[in-house]
Protein chains: 2
Amino acid sequence: MLRLSKLADYGSQVMAYMARDGDVHSASEVATGLGMAAPTVSKILKMLARENLVASVLGAKGGYMLARHPSEISIAEIINAMDGPISITECSSTSTCARESFCSTRSNWQGINHIILDVLEKVNLAEMIAPKPQVVDVNAIRSRGILV
Amino acid sequence: MLRLSKLADYGSQVMAYMARDGDVHSASEVATGLGMAAPTVSKILKMLARENLVASVLGAKGGYMLARHPSEISIAEIINAMDGPISITECSSTSTCARESFCSTRSNWQGINHIILDVLEKVNLAEMIAPKPQVVDVNAIRSRGILV
DNA sequence: ACCAACTTGGACTAAACTAGTCCTAGTTAA
DNA sequence: TTAACTAGGACTAGTTTAGTCCAAGTTGGT
């Protein structure tokens with residue numbers, strides 16, 4: 001399924017919600033605003049705070065706010081904060097693979113992984129919350145070779 | 001983690017193994033060749049056969065062989081056979097999302113998903129087994145906008 | 001005709017992961 | 001000093017995933 005975890009999905013929604021203004025939002029406010037369970041949103045915001053994607057304001061009237069401008073936060077960072085390093089195959093990162101010698105396909109997987117990572121790094125929050133749905137220019141990529 | 005399932009990973013290895021020649025391979029032969037558990041390889045081959053990526057030969061001296069030429073089998077097909085439809089977010093497909101009205105980010109996720117799918121469709125088995133690791137031309141993509 | 005080798009399909013189990021909840025401690029504004 | 005909030009971690013329940021096993025059908029060789 002090659003899918004994002006639900007948490008990462010939620011994380012992007014929470015970030016998108018906060019990106020609409022620069023205010024401080026409490027976890028419960030975000031939860032009601034998005035129709036999600038409060039403890040879940042709280043957990044997500046904690047994870048995002050740990051990776052410095054949101055800044056926390058302690059105490060009464062506290063909450064969370066984006067740590068940077070939406071245009072400076074990439075989707076890749078959000079996924080990374082929620083799910084850890086983005087890598088399509090298990091040993092495409094630095095971890096050693098017991099079956100390494102058999103895996104002649106490895107380096108090609110790494111190449112594919114690289115492209116996906118690149119796409120995700122290229123899209124930022126500001127683009128994601130653009131009210132008018134943006135269309136992907138697939139042809140620009142389709143017209144070029146992936147592996148050269 | 002945005003990751004492939006282990007089964008899909010194994011699937012690509014099995015397909016790559018078989019792509020090296022046009023012969024019929026028994027499940028156990030592939031298993032020993034790749035150093036994987038025999039029942040697991042058998043299960044994978046069954047899944048690949050159900051999606052017509054490999055053809056099965058019944059009886060003694062039977063086994064499996066690629067259904068098509070390696071250059072006509074895309075990585076996307078293999079992932080699809082093992083993990084089902086490739087979609088990065090849960091409701092990027094046709095399924096209805098209860099929180100649809102809140103998800104202004106949806107269509108952009110779909111765009112990202114589309115690109116990833118496109119990349120995976122563009123890479124075929126023949127390219128994956130190329131002995132010399134192929135290098136991805138990331139810059140070709142980086143130089144262009146993702147969302148237009 | 002028979003046997004051995006092999007696939008097919010499904011059921012099944014065990015383990016891992018994920019989502020989601022809850023609790024205690026610490027911080028701040030009023 | 002109290003109410004409103006975050007911080008951090010432990011915990012549970014549910015789902016998914018990997019992997020095993022078995023009974024049945026098919027084919028090639030002898």
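Because the structure is predicted, anything quoted here is derived from the model rather than measured. Below, chains carry the letters A, B, ... as their sequence lines are ordered, and counting in each starts from 1.
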(request) Starting at atom CG of Leu45(A), determine the distance to atom P of dG20(C), rounded to an integer number of angstrom. (result) 15 Å
(request) Would you name the heavy atoms of Tyr10(A) and Met36(A) that are closest together and state the gap between them? (result) CG-CE, 3.4 Å
(message) Please report the interatomic distance CD1(Ile73(B)) to CD1(Ile78(B)), rounded to the nearest 0.5 Å.
(response) 6.5 Å
(request) Quick one: list whatever passes side chain to side chain donor-acceptor pair (under 3.5 Å) with Asp21(A), sequence neighbours left out. (result) His25(A)
(message) When you measure from the side-chain N and O atoms of Thr40(A) to the phosphate of dT21(C), is any distance below 4.0 Å, counting only OP1 and OP2?
(response) yes
(request) Could you tell me the separation between the CG atom of Leu7(B) and the P atom of dC17(C), rounded to a whole number of Å? (result) 15 Å
(message) Minimum heavy-atom separation for Lys61(B) and Val24(B), please, with both atom names.
(response) O-CG1, 4.3 Å
(message) Distance check needed: dT20(D) C1' versus Met36(B) CE, whole Å only.
(response) 14 Å
(message) Nearest whole Å is fine: how far is dA7(D) C1' from Glu51(A) CD?
(response) 15 Å
(request) Scan nucleotides 25-30 of chain D nucleotide by nucleotide, 5' to 3', and note B when protein non-hydrogen atoms come under 4.0 Å of the base, S if they reach only the sugar-phosphate, - if neither. (result) -BBS--
Could you go over nucleotides 11-16 of chain C and give all protein N or O partners under 3.5 Å, atom names and distances?
none

(message) Quick check on dA19(C): is either OP1 or OP2 less than 4.0 Å from any side-chain nitrogen or oxygen of Tyr10(A)?
(response) no
(message) Can you measure Ile44(A) atom CD1 to dA7(D) atom C1' for me and round it to whole angstrom units?
(response) 16 Å
(message) According to a hydrophobic-cluster definition based on side-chain heavy atoms being under 4.5 Å apart (Ile, Leu, Val, Met, Phe, Trp, Tyr only), do Val57(B) and Val14(B) belong together?
(response) no
(message) If the cut-off is 4.0 Å, is Ser26(B) near the phosphate of dA5(C), judged by side-chain N/O to OP1 or OP2?
(response) no
(message) Walk me through whether Glu77(A) and Arg68(A) qualify under side chain to side chain contact (heavy atoms under 4.5 Å, CB included).
(response) CA-CA 12 Å; Glu77(A) 285 180 283; Arg68(A) 277 170 278 154; 3.0 Å; yes
(request) Hey, could you give me the CG/CG distance between Asp118(B) and Asn113(B), rounded to the nearest 0.5 Å? (result) 11.0 Å
(request) Would you give the length of the straight line joining atom CG of Asp23(B) to atom CG of Leu66(B), rounded to the nearest 0.5 angstrom? (result) 10.5 Å
(request) Would you mind telling me which of dT7(C), dT21(C), dT6(D) lies closest to the side-chain atoms of Ala27(A)? (result) dT6(D)
(message) Between P on dG20(C) and CE on Met82(A), what's the gap in Å once rounded to a whole number?
(response) 11 Å
(request) Return the value, rounded to whole Å, for the distance between atom NZ of Lys6(A) and atom P of dG14(D). (result) 14 Å
(message) Looking at Glu127(B), is its backbone amide N or carbonyl O close enough to the side chain of Asn108(A) to form a donor-acceptor pair, meaning the two atoms are under 3.5 Å apart?
(response) yes
(message) Tell me the interatomic distance from Glu29(A), atom CD, to dA4(D), atom C1', rounded to whole angstroms.
(response) 14 Å
